[in-house]
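Input: a single structure, listed below in structure tokens.
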Amino acid sequence: MCAEFQDSDQTMDSQTSFVMPAVPQVIPLPHVFAALGSLLLLYAVNVLVRAALTRRKLPPGPPGLPVLGNIWDVKGKAWLQYSAWARQYGPIFSLNMAGTPIIVLNTHKVAANLLDRRSTIYSDRTQSVMAGEILTGGVFLVFTPYGELWRRMRRASHEEFSFTACKKYQPVQTREAYALVSDLLADPRDWREHLMRSAASSILSALYGWDRLKPDDHLVHRIHEHTGRIASSVLPGRFMVEYLPFLKHIPSWTGLVPWKVWGETWHKRDTAMFEEFVDSTTANAQKGDPNAAKSFVAGLVENQERHGLSKKHMAWLAGNMFGAGAETTAGQLIIFVLAMILHPEVQARAQAEIDAVVGRDRAPTFADRDRLPYIRACVRETLRWRTVGPLGVPRATSQDDWYEGYYIPKGAVVLENIWAMNSDPNVFPDYNNFRPERFLDESGQNEIAPPDTHNMGHVTYGFGRRICAGYNFANQSLFIDLACLLWAFNFRKAKDERGQEITPDPDDMRDGGLVVTPPTFPCEITPRHPDVASVIERERMHMV
Ligand code: HEM
């Protein structure tokens with residue numbers, strides 16, 4: 001990490017060296033009464049609204065309790081519960097969350113018909129007061145309501161992350177992939193940590209032009225804390241203000257809303273941190289640092305006027321890219337390792353392709369991509385087989401709509417059941433198998449994809465105007481990482497103390513708040529040939 005970041009970070013800490021208010025654990029009695037009163041009022045309104053809604057025909061769904069509806073019906077792994085309901089109620093079903101309708105879309109066709117083809121109605125997000133308004137000040141792209149500001153930020157991020165623009169990040173992504181190979185050679189046991197660090201480092205380098213991150217870098221720690229704060233603040237039940245939004249209007253100075261003071265204070269601190277990153281990147285680019293000059297932030301600053309974004313907007317846009325891109329990409333890499341140890345036949349075929357095209361005297365590069373169709377198919381299959389975001393990011397409708405005779409009211413929450421679509425037996429009869437060749441034509445050279453999957457073969461990046469803003473970058477990261485990992489290593493099941501193979505359960509996926517990943521599992525990672533270390537060190541030297 002360059003000195004400017006460390007210095008400026010210390011300055012910021014010393015300026016804000018106060019004790020952060022704790023989030024209140026005990027709620028004062030008057031609040032409780034106010035809350036109960038409001039809840040009763042809310043229920044009464046909900047009953048009336050619900051009664052009005054059911055006169056029109058919502059999509060079918062599980063019956064639920066009077067007034068409260070289905071709020072207690074979704075337990076544990078929601079994507080599995082939704083997929084079971086999809087089998088029972090069909091491609092589109094609805095739930096009643098105490099008056100708020102939730103519409104769940106379960107097939108490619110219905111999701112594409114609504115989210116892609118009627119995107120003006122389905123591109124808003126549900127609003128979270130703490131995460132969307134207080135902690136991130138309304139400028140976090142993932143949560144920003146569908147409107148003018150979202151459009152400006154999205155256009156700016158597209159210019160920096162389009163398929164063509166993303167090519168400028170290939171050198172840092174290659175550098176990170178080679179560094180990952182070195183880390184795994186030195187310390188294969190901590191493989192999961194290395195994958196996480198590598199994904200974070202790759203995206204931070206692209207955003208700010210930073211050098212490779214060290215494992216204990218304090219800035220990464222701070223940014224991860226920021227992401228964790230946002231992820232935990234959207235958990236249901238964490239803040240009462242989500243159920244009683246009028247509470248947000250109580251001024252902070254009254255001392256009655258310590259949770260608001262907490263959120264506002266962190267918003268100020270995070271804004272200062274992200275703005276500092278913009279300043280340092282701009283300074284480094286002006287000094288002639290080539291990575292800073294090519295970075296996402298340098299691009300934003302250069303076109304700031306045309307994009308119509310303030311410094312704060314740009315700072316948060318970059319911060320959001322990290323939050324949305326680091327753990328998701330790392331999670332898919334972990335899923336890939338799981339697939340490799342459970343499907344050695346796929347691993348062998350992928351390695352044969354790499355040996356034929358790349359050989360052993362050099363490591364893979366992006367220039368090999370066109371000649372590695374099976375590796376490209378492995379990327380697609382990794383994203384289809386298990387996904388870090390099985391239900392995507394919730395949408396909200398911005399006006400009433402009707403679809404195949406069903407009424408979808410304005411303000412309904414809409415969920416894309418990516419899990420059900422990626423494992424639809426009508427589209428992928430052997431959906432539980434990891435079989436990359438499903439995405440190749442008979443020649444084995446060209447990619448094929450089922451309809452309504454945006455030519456990707458899976459819908460893991462979502463749909464329509466709010467489709468993942470970083471998918472080109474993620475696809476590039478996954479390609480170069482998979483190619484280098486398969487070039488360098490054999491992945492096998494680890495053995496226990498009695499010499500028995502340990503087989504991880506591919507269905508054991510855990511919800512970590514931000515991403516869904518397999519729990520930690522042991523894995524044996526060994527170099528494929530004696531020259532891996534010397535070749536990768538030589539490649540890394542050439543990159544400096
Ligand atoms: C394999 C890794 C990734 C997966 C599986 C993933 C998945 C998703 C999904 C499902 C959404 C919601 C789409 C929707 O509403 O239909 C999303 C949104 C988003 N993603 Fe990704 N993502 C990944 C990597 C990245 C990366 C690397 C970046 C940044 C460089 C990124 C930035 C974003 C942003 C900013 C949004 C919000 C877009 C908006 O609301 O307009 N993602 N992503």
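Remember, it's 1-based here, ligands and their atoms both numbered in the order they're listed.
- Residue contacts with ligand 1: Arg395 is placed with a nitrogen or oxygen under 3.5 Å of a nitrogen or oxygen of the ligand (distance criterion only).
- Donor-acceptor pairing under 3.5 Å is recorded for the side chains of Asp270 and His226.
- For ligand 1, the polar-atom distance check finds no N/O of Asn320 at less than 3.5 Å from any of the ligand's N/O atoms.
- Legend: residues meeting side chain to side chain donor-acceptor pair (under 3.5 Å) with Arg369, ordered by chain and number and at least two apart, are absent.
- Between the side chains of Asn113 and Tyr403, at least one donor N or O sits under 3.5 Å from an acceptor N or O.
- Side-chain contact, Ser182 with Arg540: a donor N or O sits under 3.5 Å from an acceptor N or O.
- Between Met321, Glu160, Arg154, it is Arg154 that holds the heavy atom closest to atom 41 (O) of ligand 1.
- Taking 4.0 Å as the cut-off between side-chain N and carboxylate O, Glu353 and Arg371 do not count as a salt-bridged pair.
- With a 4.0 Å heavy-atom cut-off, ligand 1 is reached by the side chain of Val388 but not by its N, CA, C or O.
- In this structure, the protein non-hydrogen atom closest to atom 13 (C) of ligand 1 is Arg466 O, 3.1 Å.
- Nearest-heavy-atom check against atom 35 (C) of ligand 1 across Asn475, Leu141, Val459 picks out Leu141.
- Among protein heavy atoms, atom 7 (C) of ligand 1 sits closest to Thr460 O, 3.7 Å.
- Side-chain contact of Tyr82 with Asn106: a donor-acceptor pair under 3.5 Å is absent, judged by distance alone.
- Ion pairing of Arg386 with Asp507 is present here, as a side-chain N (NZ or NE/NH1/NH2) and a carboxylate O approach within less than 4.0 Å.
- For ligand 1, one of its N or O atoms has an N or O atom of Glu416 under 3.5 Å away.
- For ligand 1, the atoms lying closer than 4.0 Å to a non-hydrogen atom of Ile203 are 27 (C), 29 (C), 30 (C).
- Under 2.8 Å from atom 21 (Fe) of ligand 1, one finds the following protein N/O/S atoms: Cys468 SG.
- By the side chain to side chain donor-acceptor pair (under 3.5 Å) test, Lys312 pairs with His267, sequence neighbours left out.
- A donor-acceptor pair shorter than 3.5 Å can be found between the side chains of Ser201 and Glu176.
- Listed by atom number, the atoms of ligand 1 under 4.0 Å from Phe161 heavy atoms are 30 (C).
- Judged by distance alone, the side chains of Ser205 and Arg175 do bring a donor and an acceptor atom under 3.5 Å apart.
- Every heavy atom of Phe143 sits 4.0 Å or more from the atoms of ligand 1.
- Contact between Arg125 and ligand 1 is present, with at least one heavy atom of the residue lying under 4.0 Å from the ligand.
- Set against the non-hydrogen atoms of Gln332, the atoms of ligand 1 under 4.0 Å away are 1 (C).
- The closest approach between a heavy atom of Met153 and any atom of ligand 1 is not below 4.0 Å.
- Neither the backbone nor the side chain of Arg465 comes within contact range of ligand 1; no heavy atom lies under 4.0 Å.
- In Thr387, neither the side chain nor the backbone holds a heavy atom less than 4.0 Å from any atom of ligand 1.
- Of all protein heavy atoms, the one closest to atom 11 (C) of ligand 1 is Val393 CG2, 4.0 Å.
- Salt bridge status for Asp424 with Arg384: absent, with no side-chain N to carboxylate O gap under 4.0 Å.
- Taking OG1 of Thr460 as the reference point, atom CH2 of Trp419 lies at 10.0 Å (rounded to 0.5 Å).
- Close approach of ligand 1 to Thr329 (heavy-atom distance below 4.0 Å) involves ligand atoms 2 (C), 27 (C).
- Note: Phe277 and Phe274 have perpendicular aromatic rings, judged against thresholds of 30 and 60 degrees for the angle between ring planes.
- Geometrically, ligand 1 and Phe463 share a nitrogen or oxygen pair separated by less than 3.5 Å.
- Relative orientation of the Phe491 and Phe489 rings is perpendicular, given thresholds of 30° and 60° on the angle between their planes.
- For ligand 1 and Val142, the ligand atoms under 4.0 Å from any heavy atom of the residue are 36 (C), 37 (C), 40 (O).
- Between the side chain of Glu381 and the backbone N or O of Glu437, no donor-acceptor pair lies under 3.5 Å.
- Every pair tested for salt bridge (charged side-chain N to carboxylate O under 4.0 Å, His left out) that includes a residue from residues 314-333 fails, sequence neighbours excluded, so the list is empty.
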